[in-house]
Amino acid sequence: MKVLIGGGTASPVSQQHVAELADRLADARLVTITAGHLVHETAPEAYLDAVTRFLAA
């Protein structure tokens, strides 16, 4: 299982491309946190929650 964390529409990375990547990777799950490109810096609590949930699954 893989997790991709996207920064939502505030990110300069196309969220359509992130979603397409998640679709192409086997067993990938996309989590979107509206925080821009540097999710781990902008929203560290939400980022940690997403990573912790992924690791616990």
Side-chain angles (χ1 to χ4, degrees):
M1 180 65 99
K2 299 164 191 72
V3 66
L4 293 173
I5 299 176
T9 57
S11 175
V13 178
S14 165
Q15 295 307 287
Q16 178 181 347
H17 291 158
V18 174
E20 289 173 6
L21 177 59
D23 286 341
R24 291 178 185 209
L25 292 173
D27 297 325
R29 183 177 75 193
L30 174 59
V31 176
T32 301
I33 300 171
T34 305
H37 182 64
L38 299 174
V39 177
H40 64 288
E41 288 185 13
T42 308
E45 296 86 9
Y47 176 82
L48 181 59
D49 183 58
V51 171
T52 301
R53 287 176 187 248
F54 169 72
L55 293 174

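All residue numbers refer to positions in the sequence shown, counting from 1. All values reported here derive from a predicted model rather than from experimental measurement.
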Check: So how far is it from Leu4 CG to Phe54 CZ, rounded to the nearest 0.5 Å?
Finding: 9.5 Å
Item checked: Closest contact, heavy atoms only, Ala28 versus Ala22 -> CB-O, 3.5 Å
Notebook entry, point to check: Which heavy-atom pair separates Gly36 from Val39 by the least distance, and what is that distance?
Noted result: O-CG2, 3.4 Å
Next item on the list: Without swapping roles, check the side chain of Gln15 against the backbone of Gly8 for a donor-acceptor pair under 3.5 Å.
Entry: yes
Item checked: Euclidean distance, His40 NE2 relative to Glu45 CD, rounded to 0.5 Å -> 13.0 Å
Notebook entry, point to check: For the residue pair Arg29 and Arg53, what are the closest heavy atoms and their distance?
Noted result: NH2-C, 4.4 Å
Next item on the list: Report yes or no: does Lys2 contribute a side-chain atom to a donor-acceptor pair with the main-chain N or O of Leu25 at less than 3.5 Å?
Entry: no
Next item on the list: Using side chain to side chain contact (heavy atoms under 4.5 Å, CB included) as the criterion, point out the one residue from Leu30, Val18, Val51, Thr32 that pairs with Ile5.
Entry: Val51
